[in-house]
There are 2 protein chains.
Amino acid sequence: MNPEEIVQMMSRQGMRITDQRKTLATLFARAKGYMTPKDVYEQMLHTYSGLSFDTVYRNLRIMHEMGVLEQFVFEDGIKFRLHCQENDHHHHVICLSCEQTYPVVFCPMEQIPGLPEGFRPVKHKFEVFGYCKKCREEEAAQ
Amino acid sequence: MNPEEIVQMMSRQGMRITDQRKTLATLFARAKGYMTPKDVYEQMLHTYSGLSFDTVYRNLRIMHEMGVLEQFVFEDGIKFRLHCQENDHHHHVICLSCEQTYPVVFCPMEQIPGLPEGFRPVKHKFEVFGYCKKCREEEAAQ
DNA sequence: TTGTTTGCAAATACTTTGCATACTA
DNA sequence: TAGTATGCAAAGTATTTGCAAACAA
């Protein structure tokens, strides 16, 4: 998705489009992996020297509520990225080096045996972490 | 696992066995689900009125490092429970109501298709959330 | 007796809130 | 113009650290 599409999406949801929010859109459009609130703040600070942290938090929260961003709880804290554009149910493969994510359509719930008797599943998580081709090649080249 | 076994395990790892740590062992032996540091603090406060939060944090961290406890990042924060005693690789089914967990031997990695070309997986997460038989029955009985 | 554990106090990190001003629509 | 967004200051929550006294081995 390009920045304009993101801005449109935000606008459609009733958000007012400020310069900062345009920059946020550009930032997330360009981002390869996930970003922490701190990452976002630091990136934005280049352009807006008077930027405050609470505005970043507010916008991240709103953009998450609007479904523009996706929030992911890593061991080391919460991170954000653009909301996944895949329509069908899918899972993610995440590179531990560049944090790029790849969708996988395979879903283990379709064939899971051995659920406890009487257990009614309502949601599940399946994520694979590792190293993508590009990062492995770069690593090997050093 | 009973409290004595947990205490032995801690002792074997070189931890000194204080009254508080014995109580911690008892607490986790009895706990059905996961506990937040706050839960633990509040439980312990019944017995130790002068208890401080930092001691709870310290002990939880140490017991996690020693492999006595298991740490789980939920959306609403970090929680702890006894480290799983299953030997073989397995995954967890977690009840959203009582937080009781059940092991499942099935592992989706054994048959996952569609990994991006050249991606080398190093770890994965697979967790199923829902409601266990007991909680569903209790819910229905109301 | 030695070295670990504890409580206290304070520091740090992260996130949220109230309010006046600035800006979008 | 009406109402939202921003920066500032401050508060709230979660977690960590340094230190002296208490305690386990």
Side-chain angles (χ1 to χ4, degrees), chain A residues 3-4 6-28 34-66 68-69 71-80, chain B residues 3-4 6-28 34-66 68-69 71-80:
Chain A
E4 291 73 31
I6 300 171
V7 167
Q8 271 174 40
M9 194 168 163
M10 292 161 75
S11 180
R12 236 180 291 127
Q13 312 255 18
M15 290 176 71
R16 294 199 170 169
I17 306 309
T18 63
D19 278 0
Q20 289 196 18
R21 286 176 173 178
K22 276 185 208 151
T23 307
L24 269 173
T26 308
L27 212 63
F28 278 103
Y34 287 86
M35 286 197 288
T36 62
K38 200 177 163 196
D39 292 338
V40 175
Y41 175 73
E42 282 166 1
Q43 292 281 330
M44 300 270 296
L45 206 57
H46 298 157
T47 318
Y48 308 93
S49 53
L51 183 68
S52 65
F53 233 120
D54 49 82
T55 304
V56 171
Y57 275 111
R58 260 187 299 237
N59 279 325
L60 289 177
R61 182 164 46 76
I62 292 170
M63 289 168 78
H64 176 236
E65 283 166 10
M66 299 283 179
V68 178
L69 296 182
Q71 190 178 302
F72 196 104
V73 186
F74 284 91
E75 309 260 320
D76 61 340
I78 291 177
K79 301 186 184 182
F80 295 85
Chain B
E4 291 72 32
I6 300 171
V7 167
Q8 270 175 39
M9 196 169 162
M10 291 161 77
S11 178
R12 236 180 290 125
Q13 310 255 23
M15 288 175 73
R16 294 197 170 171
I17 305 309
T18 63
D19 277 1
Q20 289 197 17
R21 286 177 175 176
K22 276 184 209 153
T23 306
L24 270 173
T26 308
L27 212 62
F28 277 103
Y34 287 85
M35 286 197 287
T36 62
K38 200 177 163 197
D39 292 337
V40 175
Y41 175 73
E42 282 166 2
Q43 292 280 332
M44 300 270 297
L45 207 56
H46 297 157
T47 318
Y48 308 93
S49 54
L51 183 69
S52 64
F53 232 122
D54 49 83
T55 305
V56 171
Y57 275 113
R58 261 187 299 234
N59 279 325
L60 290 176
R61 183 164 45 76
I62 292 170
M63 289 168 78
H64 177 236
E65 284 167 10
M66 299 284 179
V68 177
L69 297 183
Q71 190 178 302
F72 196 103
V73 187
F74 284 90
E75 307 262 320
D76 61 340
I78 290 178
K79 302 186 185 182
F80 295 85

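Chain identifiers are assigned alphabetically (A, B, ...) following the order of the sequence lines, protein sequences preceding nucleic acid strands; residue numbering begins at 1 within each chain. The shown structure was predicted, so the numbers you read here are calculated from the model rather than taken from an experiment.
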Per Ser52(B) side chain, nearest of listed nucleotides dG7(C), dA25(C), dG7(D): dG7(C)
Among dA9(D), dT6(D), dT5(C), the one nearest Thr18(A) by side-chain distance: dT6(D)
Ser11(B): side chain to side chain donor-acceptor pair (under 3.5 Å) partners, not counting sequence neighbours: none
Atom pair distance, as rounded to whole Å: OH in Tyr48(B) and P in dA22(D): 18 Å
Atom pair distance, as rounded to whole Å: OH in Tyr57(B) and P in dG7(C): 15 Å
Atom pair CD1 (Ile6(B)) and CE (Met9(B)), whose distance is rounded to the nearest 0.5 Å: 8.5 Å
From CZ (Arg58(A)) to CG (Leu60(A)), nearest 0.5 Å: 11.5 Å
Contact nearer the 5' end of DNA chain D, comparing Val56(A) with Ile78(B): Val56(A)
The helix from dT1(C)-dA25(D) to dA25(C)-dT1(D): angle between end helix axes, five pairs per end, rounded to 10 degrees: 40°
Residue met sooner reading DNA chain C from 5', once Arg16(B) and Asn59(B) are mapped to nucleotides: Arg16(B)
Side-chain N or O of Gln20(A) closer than 4.0 Å to phosphate OP1/OP2 of dG7(D): yes
OP1 or OP2 of dT5(C) under 4.0 Å from side-chain N/O of Arg21(B): yes
